[in-house]
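Values below: all heavy atoms of this structure, side chains included; hydrogens, waters and symmetry mates excluded.
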Amino acid sequence: MNPILVLLCVIALGLLVGRVSFRGISLGTSAILFVALLAGHYGWSIPTGFGTLGLALFVYCVGISAGPTFFRGLASHGRAMAITGSVIVLTGVAVTWVCARLLDLPAELAGGLMAGAMTSTPALGAITQSSDNPAAVAVGFGVAYPIGIISVVLFVQIAIKLFATSDDDDKNGSASPADSDAETTPSNSIGRRVVRIANPVVSGKRPSEIAAFADSPCQMSRVQREGRWRPTPPDYQFQIGDDVMLVGGASEISRVSETLGELQDTADPVVDADRERRYVVVTSPEIYGHTLKELRLRSKYGVTIVRVQRHDVEFVPSSRTRIEFGDGLVAVGEPDALAKIAAAVGHRPRTVNETDLLSLVAGIVLGIFVGNLSLQIGEFSMSLGIAGGPLMVGLILGHFRRLGPIRGSYPPAAMLLMTEGGLALFLADAGLNAGANVVEVLMERGVLLCVAAAAIAIVPLLVGFAGSRYFGGRTLWQSLGATCGGMTSTPGLAVLTGATDSSQPATSYVAAYPVALVMITIAAPWLVDLIS
């Protein structure tokens, strides 16, 4: 068959297989690797170079995505979750080294097992490019990846059953990531409720003066005036008998309503969402890096931020939520106020939707150049390689957003296409090249590989969760969220958000995920060198 046609068929079939879901678990883009392994076993091949290009594009985009929160997360309130992510990665490295020594596993096979068990495709790319036997890396990843996914999902479910109590929801914010359109499309965990003000203590006070709103991921988006739901005015003060609309998780709305007055059993309120709600993207340095309390957007602009989207996770913010570059904000306000906030946060529709191809190519070229640089320490030589170089350049560009003429931001849709497209090319190439040896390796070491993969997945889960929960003093939902972030496991997070109204799993995941992602990508090839 035509090699290009083989490549496209493998990717297409892999994506179709990846969409198959069992109990909410699917392989996603990683299914391409399994299809490619089968195709490679039957002798199919593709032109060289596609995998390398795909890997460079993939890890560069990963760096761009993680950059805005990676460095700031290390120095902010999220550093505790970042530490949990780091501990999980280091534990995974240590367990992999032990398994390789005890079971006499080749270095490349052990590295692939670690990347798969910890569900990290960037680590797979980093090891593949620095390895003399990339086929073994792909085989190890293919064996361990399903085990890694299942281990995290089962661990989360078991931990919830064993440790969850009614006190956990009382101690945590209750909003969880769900639909970004929470104001108009309530889901099982996010919704809106009407509260009638009946507490004399809050009468005459502004929402920002009510302690119940301070740490709660719950926002008051509207107040009823003359039979119509209007966005909350900047000078609004609570008055007895007012009806106000709260957006958030069910338990958090219930808790805040106890301070304000009484929940009302009314029909779903009719709002003018088309003109009074806007999605904006943060690019202004005057906005990112500050909390909502510091920004005082309602008093300055007359808008309420009811949702924040970050790392593909959406949640209801509290007043202490720190806004980061690239965050997507759902703002509710009058049309003129929305126009002002759009300009203030730096959102310009045309700019946000433009992709600077010159910056993209220049950034990847710079990353490849950095990856080829070698640091000589005695007899030991170290380089970041084709995966580490673009990743580090992407992180730096993602953090500063621009270095000279090179931009470090791209539209969300373009980022998704480039990330998924690059990963698809790399996985197809890796699988097709490894397919010829997959049966032989599985026949020789199949059981041992499964045992090692299970150990590499389970031990870091236990260490990370125990460290966060019992030594770090974090709540159950914070600990589980950070553990899923440390394992870079989106299926695990999905189980969490489906089990609780708390926003803690999502926010903890967001804090731990980028640190773990970067650490395992850099540490993985060094581990292979250590085992060799």
Starting from the C-alpha separation in whole Å, work towards a yes-or-no answer on side-chain contact (heavy atoms from CB on, under 4.5 Å) for Leu105 and Leu449.
-> CA-CA 9 Å; Leu105 298 177; Leu449 295 182; 4.0 Å; yes

Is the shortest heavy-atom distance from the side chain of [X] to the side chain of [Y] under 4.5 Å?
| X | Y | answer |
| --- | --- | --- |
| Leu15 | Ile32 | yes |
| Leu480 | Cys484 | no |
| Leu329 | Arg307 | no |
| Leu263 | Ile253 | yes |
| Trp477 | Ile160 | yes |
| Phe58 | Leu425 | no |
| Leu461 | Phe465 | no |
| Pro317 | Ile305 | yes |

For residues 145-155, dump all side-chain donor-acceptor pairs below 3.5 Å to protein atoms at least two apart in sequence or in another chain.
| from | atom 1 | to | atom 2 | distance (Å) |
| --- | --- | --- | --- | --- |
| Tyr145 | OH | Ser30 | OG | 3.2 |
| Ser151 | OG | Ile147 | O | 2.7 |

What's the shortest heavy-atom distance between [X] and [Y], and which atoms?
| X | Y | answer |
| --- | --- | --- |
| Leu432 | Ala39 | CD2-CB, 3.5 Å |
| Val247 | Ser221 | CG2-OG, 3.7 Å |
| Ala455 | Cys99 | CB-SG, 4.2 Å |
| Ser319 | Thr291 | O-CB, 3.7 Å |
| Arg192 | Met245 | CD-SD, 3.8 Å |
| Val59 | Pro390 | CG2-CB, 3.8 Å |

As an exercise, state the distance from [atom1] of [X] to [atom2] of [Y], rounded to the nearest 0.5 Å.
| X | Y | atom1 | atom2 | value |
| --- | --- | --- | --- | --- |
| Ile456 | Ile458 | CD1 | CD1 | 11.0 Å |
| Asp104 | Leu448 | CG | CG | 10.0 Å |
| Met418 | Ile364 | CE | CD1 | 8.0 Å |
| Arg322 | Lys293 | CZ | NZ | 12.0 Å |
| Ile46 | Ile11 | CD1 | CD1 | 7.5 Å |
| Thr483 | Arg469 | OG1 | CZ | 11.0 Å |

Keeping the roles fixed (side chain from Ser468, backbone from Gly464), state whether a donor-acceptor pair exists under 3.5 Å.
->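 Side chain of Ser468 to backbone of Gly464, a donor-acceptor pair under 3.5 Å: no, none is there.
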
Is there a donor-acceptor pair under 3.5 Å between the side chain of Thr419 and the backbone N or O of Leu416?
->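 Between the backbone of Leu416 and the side chain of Thr419 there is no qualifying donor-acceptor contact (under 3.5 Å).
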
Audit row: Val195, Met220, side-chain contact (heavy atoms from CB on, under 4.5 Å) steps and yes/no | CA-CA 10 Å; Val195 177; Met220 191 185 95; over 6 Å; no

For Tyr470, does the OH atom sit with more than 12 other heavy atoms under 6.0 Å from it, leaving out its own atoms?
->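 More than 12 within 6.0 Å, yes.
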
Taking atom CZ of Arg101 as the centre, report whether more than 12 heavy atoms of other residues, nucleotides or ligands fall under 6.0 Å from it.
->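 Counting neighbours around CZ of Arg101, more than 12 heavy atoms of other residues, nucleotides or ligands fall under 6.0 Å, so yes.
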
Listed pairs under 3.5 Å, donor-acceptor, residues 107-128 side chains, sequence neighbours left out:
| from | atom 1 | to | atom 2 | distance (Å) |
| --- | --- | --- | --- | --- |
| Thr119 | OG1 | Met487 | O | 2.7 |
| Thr119 | OG1 | Thr488 | O | 3.4 |
| Thr119 | OG1 | Thr488 | OG1 | 3.4 |
| Ser120 | OG | Ala123 | N | 3.2 |
| Thr128 | OG1 | Leu124 | O | 2.7 |

Could you go through the side-chain contact (heavy atoms from CB on, under 4.5 Å) check for Phe50 and Leu7 one step at a time?
-> CA-CA 9 Å; Phe50 280 99; Leu7 173 63; 3.9 Å; yes

Ring centres under 6.0 angstrom apart (Phe315, Tyr509) |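 Not under 6.0 Å, so no.
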
Assess whether side-chain contact (heavy atoms from CB on, under 4.5 Å) is satisfied between Thr84 and Gln478, documenting all intermediate values.
-> CA-CA 10 Å; Thr84 299; Gln478 285 177 322; over 6 Å; no

Looking at Glu252 and Arg255, does any basic side-chain N land under 4.0 Å from a carboxylate oxygen?
->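 Salt bridge: yes.
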
